[in-house]
Protein chains: 2
Amino acid sequence: MIVYEGLTSDEVDRIFRALADATRRDILRRTMAAEASVSRLAAAYDMSFAAVQKHVAVLDEAGLVTKQPRGRERIIRGNPETIRKAQDLLDRYEEIWRCRIDQLDALLAED
Amino acid sequence: MIVYEGLTSDEVDRIFRALADATRRDILRRTMAAEASVSRLAAAYDMSFAAVQKHVAVLDEAGLVTKQPRGRERIIRGNPETIRKAQDLLDRYEEIWRCRIDQLDALLAED
DNA sequence: TTCATATACAATCATTTGGTTGTACGTTAG
DNA sequence: CTAACGTACAACCAAATGATTGTATATGAA
């Protein structure tokens, strides 16, 4: 069931859910600035490697980062394309609001 | 602990978490287009009134809608201000990415 | 006043989430 | 080859989420 921007409702769920955690947002920030391996990322946080690994998986399943094998490492990179899709979704809500205001203005202008 | 745009990390959590559910996004869409009471909203979904009431509460706590008493009803309106804040947050990630690309370009230009 | 409506809120329950530890496997360095 | 490193994944646990039903309270209409 396609909803918008070629995204299903579940995919949108995953994107916003992935963004709803401070650790994941920080991982996203880091990997947008520079690629990093999972273990490199894990070193930055006060939690187990497996926990960070899971956070990366959530971001990956949302399409917010990509995971590319390189030797024994997995290189994580932020994916600006999905960020853009999220922005487009938010734009729609603003647009809906503007339409309402325009209608109100039109109504008032009838006087 | 202020993070950005006058929002704490918890507040950002709440905004994205609230957006990570199709029913809540639909409530947001409706209330951005036109104000509605909780019972009016509840009539639109195949779930209990209490469930919809909870979804509205999640949106309210995130600041994505406002709840204003009017008689025995509560009038719900979408709040474009918080949508804008979420957009600003996403803008930052794109900006971080652009900086990385600029640095790469600069590096390549050194030849 | 009386009754229906709109909301609030508590208790409950199944599922998901965010974390842990432990084990296994592939890869690189010595 | 062996040892260390990086990752994958399963099992487990506490807490949060998304839904339910039931009860209480306030408002509006008759």
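Everything quoted here is computed from the prediction, not taken from an experiment. These values consider heavy atoms only, across backbone and side chains, with no hydrogens, waters or symmetry-generated copies. Throughout, a chain's letter reflects where its sequence line sits, starting with A, and its residues are numbered from 1.
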*Identify whether any heavy atom of B/S37 sits under 4.0 Å from a base atom; if not, whether one sits that close to sugar-phosphate; answer base, sugar-phosphate or nothing.*
sugar-phosphate
*NA contact type, B/R40, heavy-atom cut-off 4.0 Å: base, sugar-phosphate, or nothing?*
nothing
*Ion pair A/D88/A/R92, N-O distance below 4.0 Å*: no
*Within 45° of the axis and under 6.0 Å from the centre of the six-membered ring of B/Y45, does NZ or CZ of B/R30 qualify?*
yes
Could you tell me if the side chain of [Y] sits less than 4.5 Å from the side chain of [X], heavy atoms only?
| X | Y | answer |
| --- | --- | --- |
| A/H55 | A/L41 | no |
| B/V58 | B/R24 | yes |
| A/R74 | A/S37 | no |
| A/S9 | B/R25 | yes |

Figure out the [atom1]/[atom2] separation between [X] and [N], and round it to whole Å.
| X | N | atom1 | atom2 | value |
| --- | --- | --- | --- | --- |
| B/D21 | C/dT15 | CG | P | 18 Å |
| B/K67 | C/dT7 | NZ | C1' | 8 Å |
| B/I76 | C/dA6 | CD1 | P | 14 Å |
| B/F49 | C/dT5 | CZ | P | 13 Å |
| B/E73 | C/dA6 | CD | C1' | 7 Å |
| B/E35 | C/dA6 | CD | P | 15 Å |
| A/R74 | C/dG26 | CZ | P | 11 Å |
| A/M47 | C/dT17 | CE | C1' | 13 Å |

*Counting only side-chain N and O atoms of B/S39, is one of them less than 4.0 Å from OP1 or OP2 of C/dT7?*
yes
_Side-chain-base donor-acceptor pair under 3.5 Å for B/R72 and C/dT5_ = yes
*asked:* By nearest heavy atom, map A/R70 and A/H55 onto DNA chain C; which one lands nearer the 5' end?
replied: A/H55
*Under 3.5 Å, side chain of A/E11 to main-chain N/O of A/T8, donor-acceptor pair present?*
yes
*Would a distance-only check, ignoring hydrogens and angles, find a side-chain to backbone donor-acceptor pair under 3.5 Å from A/R98 to A/Y93?*
no
N/O donor-acceptor pairs under 3.5 Å from side chains in residues 62-70 of chain B, not counting sequence neighbours:
unit_1, atom_1, unit_2, atom_2, d
B/Q68, OE1, B/R77, NH1, 2.6
B/Q68, OE1, B/R77, NH2, 3.4
B/R70, NH1, B/E35, OE2, 3.4
B/R70, NH2, B/E35, OE2, 3.3

*On DNA chain D, reading 5' to 3', which nucleotide is the first and which the last to sit with an atom under 4.0 Å from a heavy atom of chain B, could you check?*
D/dT17 to D/dG28
*Degree of bending, the helix from C/dT1-D/dA30 to C/dG30-D/dC1 (end axes from five pairs; round to 10°)*: 30°
